[in-house]
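Data block below; observations after.
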There are 2 protein chains.
Amino acid sequence: MSRSDGRPERSRPTLEEVAAAAGVSRGTASRVVNGSHRVSDATRASVQEVVHRLGYVPNAAARSLVTRRAESVAFIVAETESRVFHEPFFGRLLRGASQGLAATGLQLVLVMAWTAGERSRVERYVHNGHVDGVLLSSLHGDDPLPERLAASGRPVVQAGRPWTPLRGVDYVDSDNVGGARTATEYLLRQGRRRIATIAGPQDMVPGVDRLTGYRAALRGSRAVPSGLVAQGDFSRESGERAMEELLARNPDVDAVLAASDLMALGALRVLRASGRRVPEDVAVIGYDDSEVARNAEPALTSVCQDMEQMGREMVRLLVGRLEAAPGGAGGQAGGDGAGAPAPSPPLVLPTELVVRASA
Amino acid sequence: MSRSDGRPERSRPTLEEVAAAAGVSRGTASRVVNGSHRVSDATRASVQEVVHRLGYVPNAAARSLVTRRAESVAFIVAETESRVFHEPFFGRLLRGASQGLAATGLQLVLVMAWTAGERSRVERYVHNGHVDGVLLSSLHGDDPLPERLAASGRPVVQAGRPWTPLRGVDYVDSDNVGGARTATEYLLRQGRRRIATIAGPQDMVPGVDRLTGYRAALRGSRAVPSGLVAQGDFSRESGERAMEELLARNPDVDAVLAASDLMALGALRVLRASGRRVPEDVAVIGYDDSEVARNAEPALTSVCQDMEQMGREMVRLLVGRLEAAPGGAGGQAGGDGAGAPAPSPPLVLPTELVVRASA
DNA sequence: GACGGCTATGGGAGCGCTCACACTAGCGGA
DNA sequence: TCCGCTAGTGTGAGCGCTCCCATAGCCGTC
C-alpha cells in the first residue's frame, strides 16, 4: 500500500481501495456507501471509518455509467444573462425550484442559453446524460428548444404554457387570463370607464393571455373597449413609449393595466410628466407584483403570481416523471406503445390582485 | 439488428452499434466522432452518415470515466437566489464568463449555494467530478468553501481577493482601493472638503478595500477625515440609514462616497428629503456603475468596474489551469513535490470614474 | 439431524467509452 | 528484392462503479 508512506496519494481512492483497507469486498463497500441496510453494524462502521480517513468520494461518471442517472437537473433559461438578471421573477422561480429540490438528492444547475452556440451546446449537454431532467423558462413564441430537449427522452417541465401542446413537455402555467380579467374588473368596479392596456409582446404566451383577460372583462361592459391597446416588450422604456402613444390617441383615458410592473413604472413616469395624478386622474395596475411595484411612487397595485410556488410545482412534476421513469433515458420520446408517458394534466396556478396606492 | 424493424429502438445507440452499422470498428468510429484526422475521408463520411441517421450522441459518463474530464465548469455563487438577482453585477460577471468559455467546448453551469445543505451538496458535486473547474463568487469573510472546493484537486478561480491567500485558489480582483481613492480625489479636486463615506460591510474584502482607498485619499489633505464614516451592507435601505446617521452627526457634509450604487441611491433619497440639493449642496458618488446609476435622478457619478472583463479573465485563468493539468483531478492539492501548482500572479483589474450629474 | 430460510458477504459481468498498441497495405529508397 | 516508414484500421484492456447471483454461516423446525 503506497498510501502509508509519506507523500499523499496522487489520485483519489477508489471503492476497491476502500474495500481493501477495510478488509471487505468492493460490493460490501458499495453497499455501505449507498446506505444499504443489509450490512452488519460492525462492517458498516469500519468501512465508514476508512471512507472518512481516505477521503473517499464516489466517482460520479462511473456510477452514472451504470445507474444511468446523473442525480442532477438543469434549469435552462433561454435568455441572455442581462435579461435574466433584470426580470425580477427569475430569482423567485429559481428559489422555488431550489426549495422543491432540497428534499431530493438532486443538484440544480442553471444554464443560460441564448446564442445559437449556447443552445446547441446545452442540447448536447442534456442528450449526453449530464442531467436527468430539465426545467425550462422564458421562451419566445414557438421555440424548438423544448421539443429538442424532450427528444433526449428526459422529462422536461416548462414554466408557462407553450403555444401548442408539446409531446414530452409538461408545464405549469399561471392564470394570466384570470389575472388580467380580475384586475380589469376591479378597475370597472372603481368606476373607471376608459380603461387602456399596455399589452406584452404578442409572440409570448403571457403577453397574449393577459390581453385576452383584459378584453374578456371589458366585453359587455360600458367601458370603451377599442383603440385603447398599446404594446410593449415588458421593459420600462417600452412602457413609456406605449403610454405616450395611448395619451396621444386618447387623452381622456382614466385607467391603465400594464402587462408588467416595469411597463407600469414607465407609464407612471409619463403620466406624471403629462401632469396627470395617479390614481386620481388615471389608475395604474401592474403585473408581477415585483419589488419595484412595492417601491414605486405611488406604490403599484399589481397582479401577484406566486413564482416560488410555480418553481416548486415544476419540480414536483419533474420529480414525479423521474420516479416513474424506468431507467435513465427512456428512448426517443416517441413510441406509440404502452410506454408512452401520458402528459400531466396542465397545472394552472391562481393569481391575486394586490391593491396598493396606484389604483 | 432490431433497429431495422418498425418500432424505434428503446435505448440510445452506442458507439459499437454505430461502428457495426458503418462497417468499421469501434475505435475508428470513436476517431470520427472525436474528430481525429487519421481517418480516410470515405470512412469518415460513412460513419458521420450513420451517426446522423441513428441520432448517436456520446455517453458523457462513459467518456468522462476514461478521460477524467467532464467538459464543464461550474460558476458557484455562495448567495441566495434573491440576493444574486438583485446585485446587478452578477449578470455581467456571468456574461463575461460565458463569453470567455464560448471558444472552448466547456459548458458553464451556475449553482447557487447558500444553505448548509446546498453547500455540502455542491461540494460533493465538485468532488464527484461533475465539473472540471470552479468559478466562485460572492464570499463573505473567510468562507471555508473555496478551500474545500480546491481540495478536490480541481482548479478554483475566485472573483475578488480572498482575505488570506488560499492554496489552490486563484483570483481576479478589481482595484477597489484605487477606485475609491480616485473617486475621493476627484471630490477633493472639485473643492469638497467635508467628504463622508458610506462604507460596505467590513467582513467583505471590497467593503474594506474601498474604505481603505477613501482614507488613503484623505490622508494629508485639508478635508476633515474623521467621524464621516457610516456603514451599510450594500443595499439601498442600509444606504438610507447610513446617510441619516451621517447627517445627524455632521449636517455640514458636502460630499458622500458610497461603496455601492444602491447605497448611493438611498443616500440620494435621504438628502433630497432633508432639503439638500445634489450636487449643489452635497456631491454623491456611487460604486459599480450599474444600470441604476445611469437611471438615477440625478444620474449618478460612479466608479466603474468592468465585470465582464473580470468574468473573462477568470475563465482565462481557469482554462489555463485546465490545460496545464495532467489528467483530471490532480490529487489532494497539497503535495510539496514538483507537481505543486504555482499560484497565478494576482490579477487586479483597473477601475474608472464615470462622471455624471451627481458629483 | 437434515433441511429450508434468512442474512451478510464475495465476486463476476458489464455499463460505453478512450487509449495504447498491434497490425496491414502500400510506397519509396537502399 | 527487401526493408523501413507511414497512413489507416482493428483489438484488448480497463476507467470505477452497481447489480445480480452464488455462497457461507446460522437460526429454528419437524
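These figures come from a predicted structure and were not determined experimentally. Note: hydrogens, waters and symmetry copies are ignored here, and every other heavy atom, side chains too, is used. All chains are named by letter (A, B, ...) in the order of the sequence lines, taking the proteins before the strands, and each is independently numbered beginning at 1.
- Taking only side-chain atoms of T28(A), from C-beta outward, the nucleotide of dT9(D), dT9(C), dG14(D) with the closest atom is dT9(C).
- Dashed line: the shortest gap from a side-chain N or O of T43(A) to OP1 or OP2 of dT9(C) is under 4.0 Å.
- Here R38(A) does not reach the OP1 or OP2 of dC6(C): none of its side-chain N or O atoms lies under 4.0 Å away.
- Using a 4.5 Å heavy-atom threshold, the side chains of V111(B) and F75(B) count as separate.
- OP1 or OP2 of dT18(C) sits under 4.0 Å from a side-chain N or O of S30(B).
- Going from atom CZ of R69(A) over to atom P of dC15(C) covers 19 Å, rounded to whole Å.
- Regarding contacts with the backbone of dT18(C), a side-chain N or O of N34(B) is found under 4.0 angstrom from either OP1 or OP2.
- The distance from atom CD of E71(A) to atom C1' of dT18(D) is 13 Å, rounded to the nearest whole Å.
- Ion pairing between R121(A) and E118(A) fails under the 4.0 Å rule for side-chain N and carboxylate O.
- For A62(B) and D41(B), each mapped to the nucleotide of DNA chain D holding its nearest heavy atom, the one lying further toward the 5' end belongs to D41(B).
- Taking atom CZ on R26(A) and atom P on dC15(D), their separation rounds to 12 Å, with Å as the unit.
- OP1 or OP2 of dC15(C) has not a single side-chain nitrogen or oxygen of T67(A) nearer than 4.0 Å.
- Here the C1' atom of nucleotide dG16(D) and the NE2 atom of H127(B) are 18 Å apart, to the nearest Å.
- When rounded to the nearest whole Å, the span between CG of L65(B) and P of dC17(C) equals 12 Å.
- At the phosphate of dC15(D), neither OP1 nor OP2 sits under 4.0 Å from any side-chain N or O atom of R63(B).
- Listed candidates were dG16(C), dC17(C), dG14(C). Nearest to the side chain of R68(A) is dG16(C).
- Salt-bridge formation is detected for the pair R53(A)/E49(A): a Lys NZ or Arg NE/NH1/NH2 atom is positioned less than 4.0 Å from an Asp or Glu carboxylate oxygen.
- Between the side chain of D132(A) and the backbone N or O of V73(A) there is no donor-acceptor pair closer than 3.5 Å.
- Mapping R44(B) and Y56(A) onto DNA chain D via the closest heavy atom, the residue that lands nearer the 5' end is R44(B).
- For S40(B), a side-chain nitrogen or oxygen approaches OP1 or OP2 of dT9(D) to under 4.0 Å.
- Using a 4.0 Å cut-off, no side-chain N or O of S25(B) falls inside it from OP1 or OP2 of dT11(D).
- Atom CG in N59(A) sits about 8 Å away from atom C1' in dC15(D), given to the nearest Å.
- Distance, R12(B) CZ to dG16(C) C1': 13 Å, rounded to whole Å.
- Q158(A) and S137(A) share no side-chain donor-acceptor pair at under 3.5 Å.
- With rounding to whole Å, N128(A) atom CG is found 19 Å from dC15(C) atom P.
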